[in-house]
There are 2 protein chains.
Amino acid sequence: MVTIKEVAKEANVSISTVSRVLNKSGYTSEKTKEKVLSAVKKLNYQGSLVAAAMKKKQTLTLGLIIPDIKNIFYSDLTRTIEDRANSHGFNIFLCNTDNNLQKEAEYIHLLVAKGVDGIIFSSPEVDDGNIEELKENFPELPVVILGGKFPKLILNEVVVDNVDGAYKAMRHLLDLGHKDIAFVGGDPETYASVERHKGYKMALNERGIPYNDDYVIFDTFYIQSGYENTKKLLQKDDRPTAIFAGSDSIAVGVYKAARELGINIPEQLSVVGFDDSQYAEILYPMLTTIRTPIKEMGQRAIEIMVKAIKEKQIIKETVLFYPDLIERESTMTINGER
Amino acid sequence: MVTIKEVAKEANVSISTVSRVLNKSGYTSEKTKEKVLSAVKKLNYQGSLVAAAMKKKQTLTLGLIIPDIKNIFYSDLTRTIEDRANSHGFNIFLCNTDNNLQKEAEYIHLLVAKGVDGIIFSSPEVDDGNIEELKENFPELPVVILGGKFPKLILNEVVVDNVDGAYKAMRHLLDLGHKDIAFVGGDPETYASVERHKGYKMALNERGIPYNDDYVIFDTFYIQSGYENTKKLLQKDDRPTAIFAGSDSIAVGVYKAARELGINIPEQLSVVGFDDSQYAEILYPMLTTIRTPIKEMGQRAIEIMVKAIKEKQIIKETVLFYPDLIERESTMTINGER
DNA sequence: AAAAAATAAGGAAACGTTTCCATAAGGATG
DNA sequence: CATCCTTATGGAAACGTTTCCTTATTTTTT
């Protein structure tokens, strides 16, 4: 591994001069600039960013903490974030927590020890104590939360209006004449779940339809969860005519269950998902769902992060995105008409 | 940010002593150990791994270079790799290249500059010059390739036998009586593609079925590619009775195209995929496919990597996995019988 | 009881950069 | 022509660790 020292010797200048031309800082004459650059090329010098990081207190890396990259929602998000981060010169450490707070705490420690310039959390649990602790111990470290709110903490939030999204999903179903609408939700510890449930209730309320406890299920955001819970739900005597799934993954499970029971979507069962992930167009019939503007959100998260790092000041900023209904083929009027 | 110096002062010992107890190296008495540990706790000391990295020349991080995390195959792989790496104390830098060699080169430089302890490449292109160059410049840096072979380079490879997989897929189709079998492949620059194609030809040959150029397509491993190419394929007069898709993603496209043309799977068209990704069970009818043992491969890749790092010696090792046929619902005899 | 080995702890160099400070030469300003 | 910028470069400290070396004390061995 060739160092700046050797480059300096080769070019017959001091190491400070080498550093200066490589960082384009301070003054250097054209002549020495050339000498240095050709020495760099000759020795194939590759500066050590870890030494630089040590001095500058800037690692140019970000931590990204998500539940699970296998979940299509997070892989879409991660891609955008990685892309945008990279275009600003940052690398990202990927951390999968499975929503396990213990695991999350360990990752946070590690990330801090490795000197990341900021941490992005996606979909933390409600009242995640780790984040609180992090902010307490390292108030200067930029943090942005995607899809979560921490009113008491000084950090950045980029969120989607889940209650509005759920409300739009429900209104669509209600407008089609459905009254017996179930909610198959995900992890109840999660903002997404509680807010989507809120939107569900709100829409029902507005139309004066009584809230039926048997039609409301919380479990996890996995396909399997959607499948198992829907199967139980659809085997009841008074099965719902429509299901609002807490996410597209859950909707995949809903499809599976319905198919297994010989219930046709959308003729006998309308389904609305949430996220507008890749799944939505893979399913047959294609899934009507609520579009979370995931790219825009990831992009915004990075912008905010980079700004916070550059300006070295931590303020609280919350940006809210509104979701839209994407109508495809999985819903129908209660009479079986389009 | 509290440093080891402050801990030393608090505990009334030297910094070398603090370092020793924290690293459990050398001798320390119980008494001083306690003093140090309580000082650490009191000051909430969090050692800087970047300083340690600088001294030890070990960052405890790995670079992972993949085409695209949104591709379900890579998100599954990435998850396993991240998990296993983490359990060995390593973090991973995620890098998406979109198979762009320029982008890949940039990532490699960055990773080296950041002092990663090793780099894992998944699905590099055939004769990827970047990897060659990397090995030339930094022969000491452990590299493991997933799904690719570089006979001339001293690095580790963990691969699936793609030709065997393709052969198994084809034999299944042939055993069902199919003769007009198309191959809708992915990126032709890729090992996976060329080897799967080889298996395709081999099986055809063995049964004495002439190779039909019109039935062989290379494009990309994306859904869209599978969709577009299949659509053209199925609109021919002499359309195939079966399709061997180069990956499950491509198979998703095949399904879409078939559905649009009113061709039933499996009654009118048998389909076999490759990978056994999440998609396989989401599709309806569920996809018969070739299972790539992705978890085992990722796990093995990390084991090899960790061993190479620990033992500080670079040898060439190739581990080969064999894929299996997973029969589900997307194939049928040519007569439309099961 | 003397010598050797094991235990314990501190000092200081080193890792590879960046950056502040000092020095110096040349050009502009009054 | 003295003074002051501007340009150009080098020296050295600093970043926060680890580790080697030294010294001192205690324990074990002969």
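We use all heavy atoms of the structure for the numbers below, so side chains are in, but hydrogens, waters and symmetry mates are not. In this text the structure is predicted, and so the values were computed from the model without any measurement. The sequence lines fix the lettering, A, B, ..., with proteins before strands; numbering per chain opens at 1.
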State whether [X] and [Y] are salt-bridged, where the test is any N-O pair (Lys NZ or Arg NE/NH1/NH2 against Asp/Glu carboxylate O) under 4.0 Å.
X        : Y        : result
B:Lys307 : B:Glu317 : yes
A:Glu157 : A:Lys316 : yes
A:Asp98  : B:Arg79  : yes
A:Lys33  : A:Glu30  : yes

Looking across every strand, which nucleic acid part, if any, lies under 4.0 Å from [X] by heavy atom: base, sugar-phosphate, or nothing?
X       : answer
B:Thr3  : sugar-phosphate
B:Ser25 : nothing
A:Gly26 : nothing
B:Val50 : nothing

Which nucleotide sits closest to the side chain of [X]: [options]?
X       : options                : answer
B:Ile4  : D:dT18, C:dT17, C:dG10 : D:dT18
B:Ser48 : D:dT18, D:dG16, D:dT9  : D:dG16
B:Ser14 : D:dT18, C:dG11, D:dA8  : C:dG11
B:Lys56 : C:dT18, C:dG16, D:dT18 : D:dT18
A:Arg20 : D:dG10, D:dG16, C:dA9  : D:dG10

Closest-nucleotide ordering on DNA chain C, the 5'-leading residue of A:Met1 and B:Asn12
B:Asn12
Of B:Ala51 and B:Ile15, the one whose closest nucleotide on DNA chain C sits nearer the 5' end is B:Ile15
Is the distance from OP1 or OP2 of D:dG10 to the nearest side-chain N or O of A:Thr17 less than 4.0 Å?
yes
Quick check on DNA chain D: between A:Thr28 and B:Gln46, whose nearest nucleotide comes earlier from the 5' end?
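Closest to the 5' end, via its nearest nucleotide, is A:Thr28.
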Calculate the interatomic distance between [X] atom [atom1] and [N] atom [atom2]; express it in whole Å.
X       : N      : atom1 : atom2 : value
B:Asn23 : D:dT18 : CG    : P     : 4 Å
A:Leu60 : C:dT18 : CG    : C1'   : 14 Å
B:Tyr27 : D:dT26 : OH    : P     : 17 Å
B:Leu49 : D:dG16 : CG    : P     : 14 Å
A:Leu43 : C:dG16 : CG    : C1'   : 15 Å
B:Lys31 : C:dT7  : NZ    : P     : 17 Å
A:Met54 : D:dT18 : CE    : C1'   : 11 Å
B:Glu34 : C:dA9  : CD    : P     : 12 Å

Heavy-atom nearest pair, B:Gln46 first then B:Met1, reads O-CE, 3.9 Å
Per the atom types in the model, does the base of C:dT17 pair as donor or acceptor with the side chain of A:Lys55 at under 3.5 Å?
no
base_contact_polar (D:dG11 base, A:Ser16 side chain, donor-acceptor, <3.5 Å)
yes
Has A:Lys149 got its NZ or CZ under 6.0 Å from the middle of the six-membered ring of A:Tyr191, at an angle within 45 degrees of the ring axis?
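A:Lys149 over A:Tyr191 ring: no.
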